[in-house]
Asks: 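Before I ask anything, let me first share the structure, which is written out below as structure tokens.
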Amino acid sequence: MAAVIDHPAGHDDHAHDHPHGWRRWLFATNHKDIGTLYLWFAFVMLLSGGVMALTIRAELFQPGLQYVNPEFFNQLTTMHGLVMVFGAIMPAFVGFANWQIPMNNFSFWLMPPAALLLIGSFFVPGGATAAGWTLYAPLSVQMGVGMDMAIFAVHILGASSIMGSINIVTTILNMRAPGMTLMKMPLFVWTWLITAYLLIAVMPVLAGAITMVLTDRHFGTSFFNAAGGGDPVMYQHIFWFFGHPEVYIMILPAFGIVSEIIPTFARKRLFGYSSMVYATASIAILSFIVWAHHMFTTGMPVTGQLFFMYATMLIAVPTGVKIFNWVATMWRGSMTFETPMLFAIGFIFVFTMGGLTGIILSVAPLDIQLHDTYYVVAHFHYVLVAGSLFALFAGTYYWLPKWTGHMYDEKLGKFHFWASLITFNITFFPMHFLGLAGMPRRYADYPMQFADFNAVASVGAFGFGLSQLIFLTAILKCIKGGQKATDQVWDNPQGLEWTVPSPAPFHTFETPPTVK
Amino acid sequence: MVMVPNASVAGRSSRSVLSNFAQLGNPVSRGVTGAKTLLGLATLAMTAPVWAVKDMVGGPGVNQINLTQGVTKIAADQHWIHNFLLWVCVAIFVAVFGVMFYSIWAHRRSRGAQSADFHESTAVEIAWTVVPFLIVVGLAIPATRMVIEQKDTSQADLTIKATGYQWKWGYDYLKGEGEGISFLSTLSTPAEQTALGSKAEKNETYLMEVDNPLVVPVGQKVRMVITANDVIHAWMVPAFGVKQDAIPGFVRDTWFKAEKVGTFRGQCAELCGKNHAYMPIVVEVKSQEDYRKWAAAQKAEMLAKADDPTKEWAQADLSDRGAKVYASNCASCHQPTGKGVAGAFPALEGSKVVLGKQDDQIALLLNGKAGTAMAAFKHLSDVELAAVATYTRNAWGNKAEDAIVQPKDFSAARK
């Protein structure tokens with residue numbers, strides 16, 4: 001898609017003689033190499049977070065405690081959330097951004113130390129933080145040194161995100177190819193531009209919140225301690241002011257990827273390009289005024305509940321527009337169903353289910369029943385796993401031939417899709433029932449009446465975990481060899497990346513391409 | 001399911017998942033023990049035959065798939081609006097994906113489909129912005145009415161304060177019949193059932209049973225004033241349609257008016273540390289007359305049990321009493337062996353604080369230690385605190401200098 005070019009014409013290029021071996025990666029200045037680093041890092045984190053999830057599901061397979069004690073269970077649920085959000089999903093989208101929208105090296109090399117801090121915190125006295133990924137005070141004030149390590153890790157990841165985002169914004173605004181006006185940019189670039197602004201706006205807010213936790217822990221402040229004049233609920237307001245835009249940070253680039261793929265395989269232009277851009281921007285703006293819908297049970301006044309309920313419901317409108325646009329793009333197309341298309345359609349299908357349960361949860365008087373139950377767990381896994389992760393899979397298969405120069409194994413890809421789609425639903429669909437029946441989330445053990453659906457979810461989770469090994473196999477196989485990919489790869493796809501050879505050369509464009 | 005007494009019998013019959021779905025709109029006969037066929041694979045692998053489990057009285061049904069109908073108007077309204085929203089969502093889902101799957105079937109290249117060339121239509125785009133907006137407005141109207149109803153805690157007949165502790169609930173009857181009654185409510189599931197690796201058969205009310213349930217009268221508006229002692233907890237009873245975070249240092253309120261006599265159960269719904277799953281809520285709704293009797297008996301019992309904090313106790317008596325206080329308040333962290341958990345909860349065996357001057361231990365018990373999991377225990381009586389201090393000073397081979405701490409020492413420290 002390279003809507004933007006690597007280097008402006010005539011730039012005095014220092015990287016013509018690029019380093020090899022480990023230096024190529026450590027000192028990487030090539031955006032595609034950095035993108036690759038991000039993607040592999042995200043995949044390793046996905047597997048680590050996945051192992052934590054499977055330990056959780058193994059424990060929850062039956063009532064009673066079989067494998068882990070409740071302290072460690074809480075560490076696992078917390079770290080699963082932190083690792084998946086900050087280690088897997090966000091860096092994976094940044095990896096795509098690096099490949100498609102050139103940017104920098106330092107923000108990547110901040111990530112491995114942060115990951116080491118997070119994973120290493122399991123091995124310090126008291127273990128990793130067990131306060132939930134939201135790190136609510138005052139529970140987070142009680143934790144051991146693992147909590148401090150998590151705080152520093154999130155600080156570093158936040159700094160990395162901010163640097164990366166500034167790069168994306170400046171690259172997109174300053175370095176577009178001649179003729180590439182904003183309203184001609186591929187939607188993936190648009191969604192990342194908006195996402196980058198969200199990141200720049202909210203990562204400092206998160207850093208502020210956890211820094212206040214840190215000073216409450218060690219320096220005698222009382223930001224969140226009522227006895228010293230603070231307020232524990234203030235932490236939640238600050239956290240979710242970051243946390244809700246964060247949800248869109250994880251989904252907007254997914255919208256972008258899907259908006260690239262559907263037109264290619266429908267062989268038809270994207271329906272409603274400009275309304276897609278406006279819908280994305282509306283979602284981003286609305287994301288700043290809905291945060292307290294995560295806090296309906298804190299005991300907000302009537303007017304507060306009503307405001308946040310109405311604002312949340314409104315998000316359904318632009319999100320609906322996107323889904324209708326994708327369906328209209330498919331309508332009267334000439335569709336084929338290669339793996340990227342399957343994952344994109346799978347994305348629309350399951351993401352919409354997550355969106356609809358989101359509408360149900362937005363209704364404040366009903367959320368009182370569902371808040372902090374498995375219904376919420378089901379809801380956000382439908383949007384984050386079947387949403388963000390499926391879009392990442394779709395994008396990987398879509399651009400893999402451009403990255404490696406080989407076609408991936410279509411049979412393996414399709415197997416990966418069907419295995420993932422089916423096991424995903426076996427895992428998370430029963431969680432709606434558990435939540436409606438009142439099973440609270442973050443429980444190491446549960447009453448006997450919840451046993452069957454938990455067992456089903458656990459079986460599905462192991463299936464879903466194993467399915468990702470198919471993904472790994474497909475990628476490794478594609479890197480090693482396979483049918484040569486053409487420059488275009490697919491039938492007449494849109495975007496400048498399809499005009500350069502596969503694999504993309506080290507310097508993507510020697511002279512800037514012109515867009516008509 | 002069990003919220004409706006006659007239905008819990010009717011619901012026992014074996015039903016398939018499909019018939020459960022068919023019952024979604026019909027709360028009274030909603031099936032609960034079905035889902036066998038779908039779950040065969042999973043249950044085969046399990047050691048305990050799950051089908052022997054029955055619906056929990058006042059708690060979740062076996063494989064319950066919808067919200068409880070509940071025993072308050074609020075819970076019934078929530079049940080109604082959930083079904084309403086669910087069917088609206090199903091309709092949207094079927095409409096959108098009906099179109100999408102038709103397109104996938106009809107507009108595929110393998111069927112010779114040629115792609116059309118349209119890519120925008122202002123009229124259509126305005127329509128599918130306005131229609132969802134109108135649907136959302138339609139959903140917001142009944143929801144607004146319910147928010148206002150749920151937040152109206154005025155004119156209560158009875159006011160009770162619930163306090164979340166790590167990991168139990170405390171109840172104080174503040175206003176109305178039974179005023180002055182106060183007790184703690186702790187999980188009563190035996191430890192051998194909840195222990196790691198336990199093979200013991202589990203109770204039907206496993207993890208949702210307590211020693212002292214909250215008792216309220218039927219048909220009376222009960223205002224719950226909710227707070228916490230240490231971290232945030234949440235007081236939830238699905239049958240009442242109530243969930244309210246318990247926030248340390250702040251009080252928030254909610255209310256319910258139970259329309260049926262019976263026992264109703266809930267659990268803590270905000271992550272509060274390691275025993276989050278082990279601090280359930282049980283509420284007994286009694287008839288007015290039974291409630292009156294219970295309140296009178298409770299008050300008489302409290303009077304008889306009241307300790308005289310000025311009395312000088314013998315060490316053995318204090319230690320005996322302290323062992324019980326320790327078991328229900330301290331053992332979950334510091335362990336019954338007094339050895340604690342390395343890195344997380346300090347050992348009391350050989351502890352400097354326990355073996356040293358009594359003033360330090362008194363201060364620690366009354367105020368807790370900021371920045372750690374050690375909470376303040378000033379809600380315990382002076383006798384209970386003196387008992388547990390004395391017990392720790394003499395248990396597990398501990399030989400403290402001041403072997404005995406008297407209740408009056410705590411009374412003095414509180415001033």
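Letters go in sequence order (proteins before strands), and every chain restarts at 1.
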Asks: Side chain, backbone, both or neither: which part of A/I323 has an atom under 4.5 Å from a heavy atom of chain B?
Replies: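 For A/I323, side-chain heavy atoms alone lie under 4.5 Å from chain B.
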Asks: Need one label for A/A137: side chain, backbone, both or neither, based on atoms under 4.5 Å from any heavy atom in chain B.
Replies: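 Looking at A/A137, just its backbone touches chain B.
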Asks: Answer yes or no: is there a side-chain heavy-atom contact under 4.5 Å between A/D445 and B/L207?
Replies: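 Heavy-atom side-chain distance check passes, below 4.5 Å.
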Asks: Side chain, backbone, both or neither: which part of B/V341 has a non-hydrogen atom closer than 4.5 Å to chain A?
Replies: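 For B/V341, the contact with chain A is made by the side chain alone.
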Asks: Can you say whether B/M236 sits under 4.5 Å from chain A via the side chain, the backbone, both, or neither, judging by heavy atoms?
Replies: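 Side chain only.
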Asks: When you compare the side chain of A/H371 with that of B/E270, does any pair of heavy atoms fall below 4.5 Å?
Replies: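 Side-chain contact under 4.5 Å: yes.
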Asks: Return yes if some donor-acceptor pair links the side-chain N/O of B/D245 with the main-chain N/O of A/G299 below 3.5 Å, else return no.
Replies: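 Pair absent, no side-chain N/O of B/D245 close to backbone of A/G299.
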Asks: For each of B/P280, B/A200, B/P248, tally heavy-atom pairs with chain A at distances under 4.5 Å, and name the one with the top tally.
Replies: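 Among B/P280, B/A200, B/P248, the one with the most close pairs to chain A is B/P248.
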Asks: Would a distance-only check, ignoring hydrogens and angles, find a side-chain to backbone donor-acceptor pair under 3.5 Å from A/Q449 to B/K54?
Replies: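 Here the side-chain-to-backbone pair exists.
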Asks: Please flag which part of B/D152 lies under 4.5 Å from any non-hydrogen atom of chain A: side chain, backbone, both or neither.
Replies: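 No part of it gets close to chain A.
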Asks: Non-hydrogen atoms of chain B under 4.5 Å away: do they reach the side chain of A/F337, the backbone, both or neither?
Replies: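 For A/F337, the contact with chain B is made by the side chain alone.
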Asks: Is there a donor-acceptor pair closer than 3.5 Å between any side-chain N or O of A/Q66 and the backbone N or O of B/L196?
Replies: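 No; judged by distance alone, with no hydrogens or angles, the pair does not exist.
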Asks: With only heavy atoms counted, which part of B/M208 is less than 4.5 Å from chain A, the side chain, the backbone, both or neither?
Replies: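 For B/M208, the side chain is the part near chain A, not the backbone.
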Asks: Measuring from A/T357:OG1 to B/L85:CG, what's the distance to the nearest 0.5 Å?
Replies: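 Between atom OG1 of A/T357 and atom CG of B/L85 there are 11.5 Å.
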Asks: Got a donor-acceptor contact below 3.5 angstrom from the B/Q78 side chain to the A/P365 backbone?
Replies: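 Present.
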Asks: Test B/L67 against A/L366 for side-chain contact (heavy atoms from CB on, under 4.5 Å), laying out the working first.
Replies: CA-CA 10 Å; B/L67 282 178; A/L366 179 56; 3.5 Å; yes
Asks: Using heavy-atom distances under 4.5 Å, tell me whether B/T144 contacts chain A through its side chain, its backbone, both, or neither.
Replies: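 Looking at B/T144, backbone and side chain both touch chain A.
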Asks: Could you give me the CA-CA distance, side-chain angles and deciding distance for B/I247 and A/Q236, then say whether side-chain contact (heavy atoms from CB on, under 4.5 Å) is met?
Replies: CA-CA 12 Å; B/I247 300 158; A/Q236 298 183 22; 6.0 Å; no
Asks: In terms of heavy-atom pairs under 4.5 Å, which option from A/P232, A/G144, A/G320 contacts chain B the most?
Replies: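 Top count of heavy-atom pairs under 4.5 Å with chain B: A/P232.
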Asks: Considering only heavy atoms from C-beta outward, does the side chain of A/L65 approach that of B/S198 to under 4.5 Å?
Replies: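 Sidechains of B/S198 and A/L65: no contact.
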Asks: If you count the non-hydrogen atoms of other residues, nucleotides and ligands that lie under 6.0 Å from CZ in B/R108, is the total more than 12?
Replies: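 Yes, because the 6.0 Å sphere around CZ of B/R108 holds more than 12 heavy atoms from other groups.
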Asks: Which of the residues B/A140, B/G249, B/P132, B/G112 is involved in the greatest number of heavy-atom pairs with chain A at under 4.5 angstrom?
Replies: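 Greatest number of close heavy-atom pairs with chain A: B/A140.
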Asks: What part of A/L356 gets closer than 4.5 Å to chain B, counting heavy atoms only: side chain, backbone, both or neither?
Replies: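 When you check distances to chain B, atoms from both the backbone and side chain of A/L356 fall under 4.5 Å.
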Asks: Can you tell which of A/I348, A/L314, A/T329, A/L434 has the highest number of heavy-atom pairs within less than 4.5 Å of chain B?
Replies: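 Most pairs with chain B among the choices: A/I348.
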Asks: Let's go through A/Y136 and B/C272 carefully: what are the C-alpha distance in whole Å and the side-chain angles of both, what is the deciding distance for side-chain contact (heavy atoms from CB on, under 4.5 Å) to 0.1 Å, and is it a yes or a no?
Replies: CA-CA 9 Å; A/Y136 275 8; B/C272 58; over 6 Å; no
Asks: So do the side chains of A/Y310 and B/V136 get within less than 4.5 Å of each other, counting heavy atoms only?
Replies: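 They are not in contact (no side-chain heavy atoms under 4.5 Å apart), so the answer is no.
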Asks: How far apart are the C-alpha atoms of A/D491 and B/R109, what are their side-chain angles, what is the distance that settles it, and do they pass the salt bridge (charged side-chain N to carboxylate O under 4.0 Å, His left out) test?
Replies: CA-CA 12 Å; A/D491 289 347; B/R109 192 172 61 176; 2.7 Å; yes
Asks: Go through B/Q193, B/K199, B/E125 and name the one with the most non-hydrogen pairs under 4.5 angstrom from chain A.
Replies: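 So the answer, after comparing B/Q193, B/K199, B/E125, is B/E125.
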Asks: Please say whether more than 12 non-hydrogen atoms of neighbouring residues, nucleotides or ligands are located less than 6.0 Å from CD in B/E149.
Replies: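 Atom CD in B/E149 is crowded, with more than 12 foreign heavy atoms closer than 6.0 Å.
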Asks: Which of the residues A/G220, A/P447, A/A227 is involved in the greatest number of heavy-atom pairs with chain B at under 4.5 angstrom?
Replies: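 Between A/G220, A/P447, A/A227, the count favours A/P447.
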Asks: Which atoms of A/F324 come close to chain B, meaning under 4.5 Å heavy atom to heavy atom: side chain ones, backbone ones, both, or neither?
Replies: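 Both backbone and side chain of A/F324 come within 4.5 Å of chain B.
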Asks: Determine the option with the most heavy-atom pairs under 4.5 angstrom with chain B, choosing from A/N225, A/T297, A/D372.
Replies: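 The option with the most such pairs is A/T297.
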Asks: Side chain, backbone, both or neither: which part of A/D231 has a heavy atom under 4.5 Å from chain B?
Replies: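 Contact with chain B: backbone and side chain both.
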Asks: After noting the C-alpha distance and the side-chain angles of B/I81 and A/V363, does the key distance pass the side-chain contact (heavy atoms from CB on, under 4.5 Å) rule?
Replies: CA-CA 9 Å; B/I81 202 169; A/V363 176; 4.0 Å; yes
Asks: Does any part of the side chain of B/K243, heavy atoms only, come nearer than 4.5 Å to the side chain of A/T373, both counted from C-beta?
Replies: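 They are in contact (side-chain heavy atoms under 4.5 Å apart), so the answer is yes.
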Asks: Check each atom of B/F97 against the heavy atoms of chain A and say whether the ones under 4.5 Å are side chain, backbone, both or neither.
Replies: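 For B/F97, the contact with chain A is made by the side chain alone.
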Asks: So what's closer than 4.5 Å to chain B heavy atoms on A/M313: side chain, backbone, both or neither?
Replies: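 For A/M313, the contact with chain B is made by backbone and side chain together.
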Asks: Do we see a donor-acceptor contact under 3.5 Å between the side chains of A/Q142 and B/Q166?
Replies: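 Distance-only check passes for A/Q142 and B/Q166.
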Asks: Do the non-hydrogen side-chain atoms of A/I360 and B/C89 ever get within less than 4.5 Å of each other?
Replies: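 A side-chain contact under 4.5 Å exists here.
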Asks: Give, as side chain, backbone, both or neither, the part of B/Q150 having an atom under 4.5 angstrom from any heavy atom of chain A.
Replies: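 When you check distances to chain A, only side chain atoms of B/Q150 fall under 4.5 Å.
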Asks: Flag the one option from B/A116, B/S110, B/A113 with the top tally of heavy-atom pairs under 4.5 Å to chain A.
Replies: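 Looking at each of B/A116, B/S110, B/A113 in turn, B/A116 comes out on top.
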Asks: Using a cut-off of under 4.5 Å for heavy-atom pairs, which of A/I345, A/N454, A/T134 has the most such pairs with chain B?
Replies: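 Option with the top pair count is A/I345.
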Asks: CZ/A/F433 to CG/B/N63 distance, rounded to the nearest 0.5 angstrom?
Replies: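 A/F433 atom CZ to B/N63 atom CG measures 10.0 Å (nearest 0.5 Å).
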Asks: Could you grab the distance from atom CE of A/M330 to atom CZ of B/F101, nearest 0.5 Å is fine?
Replies: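 Rounded to the nearest 0.5 Å, the CE-CZ separation comes out at 8.0 Å.
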Asks: Can you say whether A/Q305 sits under 4.5 Å from chain B via the side chain, the backbone, both, or neither, judging by heavy atoms?
Replies: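 For A/Q305, the contact with chain B is made by the side chain alone.
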Asks: Got a sec: does the CZ of A/F462 have more than 12 other heavy atoms crowding it under 6.0 Å?
Replies: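 Yes, CZ of A/F462 has more than 12 neighbouring heavy atoms, counting only those of other groups under 6.0 Å.
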Asks: I need the residue from B/W128, B/F133, B/F250 with the largest number of non-hydrogen atom pairs under 4.5 Å to chain A.
Replies: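 Option with the greatest count: B/W128.
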Asks: Working to the nearest 0.5 angstrom, can you tell me the gap between B/I74 CD1 and A/I368 CD1?
Replies: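 Between atom CD1 of B/I74 and atom CD1 of A/I368 there are 9.5 Å.
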Asks: Between B/K151 (side chain only) and A/M300 (backbone N and O only), is there a donor and an acceptor less than 3.5 Å apart?
Replies: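 Indeed, once roles are kept as given, a pair shorter than 3.5 Å links the two residues.
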Asks: Determine the interplanar angle of the B/F93 and A/F349 rings, folded into 0 to 90°, and report it as parallel if under 30°, tilted if 30 to 60°, perpendicular if over 60°.
Replies: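 Correct class here is tilted.
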Asks: Less than 4.5 Å apart, side chain to side chain, heavy atoms only: is that true for A/Y273 and B/E120?
Replies: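 No, every pair of side-chain atoms sits at 4.5 Å or beyond.
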Asks: For A/F73, is the NZ or CZ atom of B/K274 found under 6.0 angstrom from the centre of its six-membered ring and inside 45 degrees of the ring axis?
Replies: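 Geometry flag: not set, cation outside 6.0 Å or 45°.
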Asks: Non-hydrogen atoms of chain B under 4.5 Å away: do they reach the side chain of A/V124, the backbone, both or neither?
Replies: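 Neither part.
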Asks: Is it the case that the side chain of B/Q267 and the backbone of A/M439 share a donor-acceptor pair, with hydrogens and angles ignored and the cut-off at 3.5 Å?
Replies: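 No, the answer is negative, given that no donor and acceptor are paired below the 3.5 Å cut-off.
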Asks: Could you check which of B/Y278, B/Y206, B/F345 has the highest count of heavy-atom pairs closer than 4.5 Å to chain A?
Replies: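 Option with the top pair count is B/Y206.
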Asks: Between A/N69, A/T352, A/D216, which has the largest tally of heavy atom pairs under 4.5 Å with chain B?
Replies: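 Top count of heavy-atom pairs under 4.5 Å with chain B: A/T352.
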Asks: Quick one: sort the A/W331 and B/Y102 rings into parallel, tilted or perpendicular, breaks at 30° and 60°.
Replies: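 The rings of A/W331 and B/Y102 sit tilted, inter-plane angle from 30° to 60°.
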